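In this text the structure is predicted, and so the values were computed from the model without any measurement. Side chains included, hydrogens not; waters and symmetry mates left out as well; all remaining heavy atoms used.
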Amino acid sequence: MDVSQLLDQLNDAQRQAVAAPPQSLLVLAGAGSGKTRVLVHRIAWLIQVEGISPLGVMAVTFTNKAANEMRGRIEGLLGIPVSGLWVGTFHGLSHRLLRRHWEKAKLPQGFQILDSEDQLRLVKRVLRSLDLDEERWPPRQAQGFINTQKDKGLRPQHLDDTGDATNRQMIRIYSAYQAACERSGVVDFAELLLRSLELLRDNPDLLKHYQGRFRHLMVDEFQDTNELQYAWLRLIAGTQTPVFAVGDDDQSIYGWRGAKVENIRSFQKDFKGTEVVRLEQNYRSTATILNAANALIENNDGRLGKQLWTAGDQGEPISLYTAYDERDEARYVAEQIRDWFNQGNQRKEVAVLYRSNAQSRVFEETFISMQIPYVVYGGLRFFERAEIKDALAYMRLLANTSDDPSFERVVNQPPRGIGDRTMAQVREFARAKQISLWQAAGELVQGSQLTGRARNAVAGFLGLVHQLIQSCEGLPLYEQVEHMIDQSGLVPHFEKDKTDKGQSRIENLQELVTAARGFRLDPDEHADMDELTAFLSHAALEAGEGQGDPWEDCVQMMTLHSAKGLEFEQVFLCGMEEGLFPHRMSMEEPGRLEEERRLCYVGITRAQKKLTLSCAERRRLFGSDTYNAPSRFIGEIPNEFIEEVRSSVMTSEPVYRPSAVADTEVGGFRIGQHVRHAKFGDGMITNYEGHGSSARVQVNFEMAGSKWLVLAYANLQAV
DNA sequence: GCGACATTGTTTTTT
DNA sequence: ACAATGTCGC
């Protein structure tokens, strides 16, 4: 393609970024400002104009989807398939390095990847082996601790024993967990990154090789990087390689899982001579929507600063619907969508966005009853289904018999009489001799420790896997999967469940064969792997699509988090209520509240033409009624952009609708009332939920701040 | 090994 | 409210 064309399609700021001299650059790309476009054009520019070989470019993203899209668009732009260009996720690229240099990384060649669920199972097992009570040491907390440490680049030996008993125990758990991983030849997600970082750091020749190879690094969604990812980037970049980082501090919504927006600031210090380019022209939304978004985000402190603008029209005002309850809210949205569709628009151009997944239910019920097709994003994905994970565990044992987590998973799945008793013996034996469960089981069967029934059962399982290994030798991947499904006994086992659940499990197993048949080795991605290992890694790193039928014209339903990066002509932002959004768990801390606000900003900026906000006066949540005030975020949008709407039809609501007094009164107190508490002093009731003895009120105390109190115990005095 | 019953937690999610 | 675990008795 003609070089000049690369720049022709861009605005000034975009062009400045794309054609920048080869130095580090920070692109602050507002929502809808053509971020991916700039990234893709920059790569094309480097290859075509700067004469950089595709081999010299690495582009890192967070999701596989983003990586695939980027690769596709680069190839579209250049008109040829680009091989040798490393485009992938942090985890995918780390994985690639580890497979290529498994020996130097001190990993077994057939190492397997644990997803979060596998990891949690393993943590539980480690806790049991340390004889720790799960009540006192919640597995999830231990898992969180381990991942947090790894995300900071810390190994157990780096952690200080602060003298705190909890901390000491956590370090002990982390150590034991890590030892279990090493013995089994498995790595968790964080380990992929940390291990590859250590690989490069501890092998200067390797590091030099990769630093020499990659002449340019590109990072997408830079605001979402955590400490470890940023350290990984810095290591690979070294002192010479320019990094092209694209991000938006206003769209940082993953702080809760370790993302550090601060990395954006550090970037300018860590990479000397970094230029900053702001992309502020928005090509997505109407001026009204953008102005609302700008006004909202102004309420956050410490932003790098950005003002989105558009050359387009004002567009329609933002609608605000205040519903009686969540059913009324869903009904209103459904009607609006029906009208929209009847006016000749597509349903798939409409998104219903909410803060938490539980909110989707009412919408689903309403859409079904009104016969509006919809898709919900973000359920269980294909490779995460229990039956698929069972099947994959068998396949993993074929690849690596010392994979203890997989052994544990299927040793008695389907049930074959190997109970806790027997497994306890096997585990103990394995621990004593420092060998894998597989080896331990083998030796126990050989020896005389196991008796009659248990011995037969274990021998049966070992024989089954042995036989699978032999019969799969040299077969194409999908035939291996077929063999495994035939011989494992999983199908007869699931057949016992006569419900459609059992039926669908069997269908999924069939689907796994299809997936295996369709699996193609990618020469870049899977260079150092056999077909089975490549397939298993693919399954762990790319869990497959959630639900979603791209052919049907469906309303799109998803959480605000999963909406990031997407756009729709019409967007409904639902459940705009204090406690729900901002979520109750994030309301107290200023930092977390700001993240909620950014989430709202993300939601608003998804809309191209029309945005509707909705909230409900009463909402049934966790079994009891809650009465939430409208979200503060609604108030942060200037009134001039908002138009309150009423339902077009009379609802049946008045039948149940209690009087205003009854509505806001509980146990003799009402919202707005001033009360006194023995310990917290004076305050005002701002909210309540539940009835009778379980009724709780939220009181904003003058001195002690906002608290939820159970009315029955709080002994509040009216002031 | 399975079904019945109790307990528990319930923001967001990728890899 | 409700689903997803965990526990217990046969």
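If you check every strand for non-hydrogen atoms under 4.0 Å, A:N226 touches nothing. Nucleic acid contact class of A:D188 (heavy atoms, under 4.0 Å, all strands): none. Among the atoms of the strands shown, none is found under 4.0 Å from any heavy atom of A:K564. Among the protein residues, A:N357 comes within range of the sugar-phosphate backbone only, with heavy atoms under 4.0 Å from sugar or phosphate atoms but none that close to a base. A:F62 comes within 4.0 angstrom of sugar-phosphate atoms only, judged by non-hydrogen atoms across all strands, and of no base. Among the protein residues, A:R361 comes within range of the sugar-phosphate backbone only, with heavy atoms under 4.0 Å from sugar or phosphate atoms but none that close to a base. Residue-level contact check: A:S562 touches the backbone only, with heavy atoms under 4.0 Å from sugar-phosphate atoms and none from bases.
Applying the ring-ring contact (aromatic ring centres under 6.0 Å, His included) rule to A:Y210 yields the partners A:H101; only residues at least two apart in sequence or on another chain are considered. Residues forming a ring-ring contact (aromatic ring centres under 6.0 Å, His included) with A:F62 (at least two apart in sequence, or on another chain): A:F90. The ring-ring contact (aromatic ring centres under 6.0 Å, His included) test applied to A:W102 returns no partner, not counting sequence neighbours.
The salt bridge (charged side-chain N to carboxylate O under 4.0 Å, His left out) contacts involving residues 129-146 of chain A comprise A:R128-A:E134, where partners must be two or more places apart or lie in separate chains.
Although no hydrogens or angles enter the test, the distance criterion places no donor-acceptor pair under 3.5 Å between the side chain of A:E495 and the main chain of A:G502.
In summary, contact between chain A and DNA chain B, defined as any nucleotide atom under 4.0 Å from a heavy atom of the protein, begins and ends at B:dG1 to B:dT15 in the 5' to 3' direction. If you walk DNA chain C from 5' to 3' and mark each nucleotide with an atom closer than 4.0 Å to a heavy atom of chain A, the marks span C:dA1 to C:dG6.
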